[in-house]
S.K.: 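Can you read through this structure? Questions will come right after.
Residue numbers start from 1 in every chain, and the chains themselves are labelled A, B, ... in the order their sequence lines are given, proteins ahead of strands.
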Number of protein chains: 2
Amino acid sequence: MVRLVDIAKRANTSVTTVSIVLGNRPYNVMISDATRQAVLQAAQELGYAPDMAARRLRHHGSDHRTIVLAIAHPIDGRLSLISRIVAGAQRQLHAMREEVQASIGVIQLIVETYELGQLQQLRGLIEPYWFNGLLITNTSPEDDEYVEGLTPSVPIVLFQRETRHSSVTTDGEHVGRLATQHLVDLGHRRIGLIYPDAASQAQEQRIRGYHNVLQQAGLPLGPEVVALGRNWAEGAYMAMQRVLSSIASERPTAVFTTNDLLAIGAMRAIRDWGLRIPEHIAVVGCDDAEFAAYHDPPLTTVHLPIEDMAARATLMLLDMIRQRARVPMQESFPVHLVIRRSSGPPNGAEEPTL
Amino acid sequence: MVRLVDIAKRANTSVTTVSIVLGNRPYNVMISDATRQAVLQAAQELGYAPDMAARRLRHHGSDHRTIVLAIAHPIDGRLSLISRIVAGAQRQLHAMREEVQASIGVIQLIVETYELGQLQQLRGLIEPYWFNGLLITNTSPEDDEYVEGLTPSVPIVLFQRETRHSSVTTDGEHVGRLATQHLVDLGHRRIGLIYPDAASQAQEQRIRGYHNVLQQAGLPLGPEVVALGRNWAEGAYMAMQRVLSSIASERPTAVFTTNDLLAIGAMRAIRDWGLRIPEHIAVVGCDDAEFAAYHDPPLTTVHLPIEDMAARATLMLLDMIRQRARVPMQESFPVHLVIRRSSGPPNGAEEPTL
DNA sequence: AACCACTACTAAAACCTTTTAGTGCACTGT
DNA sequence: ACAGTGCACTAAAAGGTTTTAGTAGTGGTT
């Protein structure tokens, strides 16, 4: 391992000088060009890499650029969201790579909370000054109390959860309303709902939005079934089967699912039952996952700018880390309905164009 | 921040004693039960959390239990693989949580290598003794030289790449043969191929397997088209359009894609062209991604035990970290064909059962 | 000649933990 | 009485970096 002292020896100077040159810190200290070059060259030749442990020990993480993404409940279905969050965070870091000198992109940390169902372990992460910023996603309602009580030593941004810390969110009620209103506008009068057993805050909001629209339209609350288990698609498949086995007159002509994975599970069930989408039952999801546009039929869904949100969350963290921002920030992102072929008017009144 | 010395004061003892008690290290040192209890209680009361930086500075990471998952080329499509790898790694850590005392699950680190296209940044990660084990995935052929040249200070396991380090792999040629042979057995005589522009080692192997089968069967090499860009589904969609626009007599009756995301892109193109799957064109993928079973038609694909592989890789790392194993280990995992409805005999000779 | 300002550089402390090499004490056996 | 043994505990050094407070040397003003 190459240390500062090794470079100092080779460049015939002191450890202090080397540290200043390599960390290109200003201080009130001047270094001649000759010395600077000598140090730089020696470092290059020896292949110096700073010891992060020592650096962080010195000043409790304040200089070390590391952002952690904590995923509270790594349930299968939710993991697919990670991809987009990571992509967004990376995009931001990439764009600012000069500024933040981030040779390292994102560090994401998975906190395993299967048995506890709580984020308690975070304490063990935050205290030891491991990192400089924390992006938390997938928190469940039970985590709320704990998360709110945190007085972290580093800035925190929550993904899709309102909090007294910073957050990036979408208006979940609006999402639910957009999807449901779309179905109402198409003429549906019995609109069912499929949601997962461990609903996140965002999903609860979507359900409220769904209820709002139905009440305002004076429509009956359609069957609401819960998708059980960790595998959302499978849970929704079985949930939809329960819906389908009810008597035909009570069967909804459309279902709203609180995310896209649930939607494809439900769609599979509908097809396996021998019914057509959207002619017999229309389906609308949320999230606009990667596969939504390629599914058959392509899924009507509410598009969430997940990557943009993650990029913004990362920027928030960076700003807070760099003291540019001090107060918690909340930002809500716009969403929009993407109409594809899984939704259409009831009773196949109008055949969808291929 | 609570330090060892704070606990020592409160418990009326020395820093050394506290360190020994809290780290429950044996040494050749004995601690009376009274002292031990006093220390434990003081630590509890003060809410002690060890400073990882100091700990690691002391002995270059050897005690600190952290495994890093490095994803070399975080292209959109490949990110979806992460979910399953993370899930597998977590399962293993969870199963061994007593043994490894891992309050922290997995730390996964995304190395951003967009512009370099190389894993060079890993150097900046390995040298500073950040962690104790490294699980690398998504390396591209260009990374080979660098990865092979690594003489890491920590154990390394590669995912889906043969190497002089340890690895967990599947037999890519076998994967390609399974899929292609299935199509040949169904009676297809023109079998096309869709593969991504930045093919991984595993994917190249699958392509070889495909070639093998066609040659052995004396069949012509079908059209081989490359899916361009980071979005595999989209790339495959356009690639498939190119295939479809060739004259009908040269059009394949089946296509093999080197992963499932490519498959759904191709399927979308086939349907949009007004053709049916599998009657006009059969499709077979690889990976058995989550959505494969729920797609319409459900996708025939080669199932890879990704989670098991990740769990095994994690166990390998743990064993190497704990010195139970010293030599590199290679392990190849069995795969199997999952026949669903996207594949069938050519010319719709036999209608698939719904 | 005394003082100041400025440049270029450095010694040493601090950050917190782990581990080696002890110390002091109470017994035991001769 | 004295070496030997085992127990319970501790002082101090080490690990690599950053940063404060300082030194030495030079040139320029009063």
S.K.: Of all residues at least two apart in sequence or in a different chain, which pass the salt bridge (charged side-chain N to carboxylate O under 4.0 Å, His left out) check with A/Glu331?
M.R.: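 Listed in chain order: A/Arg312.
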S.K.: Check the side chains of B/Ser167 and B/Glu162 for a donor-acceptor pair under 3.5 angstrom, ignoring hydrogens and angles.
M.R.: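 Side-chain D/A pair, B/Glu162 to B/Ser167: absent.
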S.K.: How would you list all residue pairs meeting salt bridge (Lys or Arg N to Asp or Glu O under 4.0 Å) that involve residues 33-49 of chain A, not counting sequence neighbours?
M.R.: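 Every pair satisfying salt bridge (Lys or Arg N to Asp or Glu O under 4.0 Å) with a residue in residues 33-49 of chain A: A/Arg10-A/Glu45.
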S.K.: Enter the inter-axis angle for the ends of the helix from C/dA1-D/dT30 to C/dT30-D/dA1 (five pairs per end, rounded to 10°).
M.R.: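 It comes to 70° between the two terminal axes.
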S.K.: In the structure I gave you, are the side-chain heavy atoms of A/Thr16 and A/Ser19 within less than 4.5 Å of one another anywhere?
M.R.: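 No, too far: nothing below the 4.5 Å cut-off.
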S.K.: Write down the distance between CG (B/Leu22) and P (C/dT17), rounded to a whole number of angstrom.
M.R.: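 Atom-to-atom, B/Leu22 to C/dT17, this comes out as 9 Å.
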S.K.: For D/dT17 and A/Tyr48 - does any side-chain N or O of the residue sit under 4.0 Å from the phosphate oxygens OP1/OP2?
M.R.: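 A/Tyr48 to D/dT17 OP1/OP2: side-chain N or O found under 4.0 Å.
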S.K.: How would you summarise protein contacts on nucleotides 6-12 of chain D per nucleotide, using B for base, S for sugar-phosphate only and - for none, with heavy-atom distances below 4.0 Å?
M.R.: --BBBBB
S.K.: Using whole Å, what does the distance between atom C1' of nucleotide C/dC16 and atom CG of A/Leu57 come to?
M.R.: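 Rounded to the whole Å, the gap is 5 Å.
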S.K.: Specify the separation, in whole Å, of atom CG of A/Asp6 and atom P of D/dG16.
M.R.: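 Distance, rounded to whole Å: 9 Å.
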S.K.: My understanding is that only residues two or more places apart in sequence, or in another chain, count here; which of them pass side chain to side chain donor-acceptor pair (under 3.5 Å) with A/Asn12?
M.R.: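 Side chain to side chain donor-acceptor pair (under 3.5 Å) check on A/Asn12 returns nothing, list empty.
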S.K.: Should B/Arg58 be listed as having a side-chain N or O under 4.0 Å from OP1 or OP2 of D/dG15?
M.R.: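 No.
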S.K.: Does a side-chain heavy-atom distance below 4.5 Å link B/Val168 with B/Met316?
M.R.: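 Heavy-atom side-chain distance check passes, below 4.5 Å.
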S.K.: Rounded at 0.5 Å granularity, tell me how far OG1 in A/Thr17 sits from CG in A/Leu4.
M.R.: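 With rounding to 0.5 Å, OG1 (A/Thr17) is 10.5 Å from CG (A/Leu4).
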S.K.: Output the rounded distance in Å from CG (A/Leu4) to P (C/dA12).
M.R.: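 So the two atoms are 18 Å apart, to the nearest Å.
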S.K.: For B/Thr35, what residues pass the side chain to side chain donor-acceptor pair (under 3.5 Å) criterion, not counting sequence neighbours?
M.R.: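 With sequence neighbours excluded, B/Thr35 shows a side chain to side chain donor-acceptor pair (under 3.5 Å) to B/Ser32, given in chain and number order.
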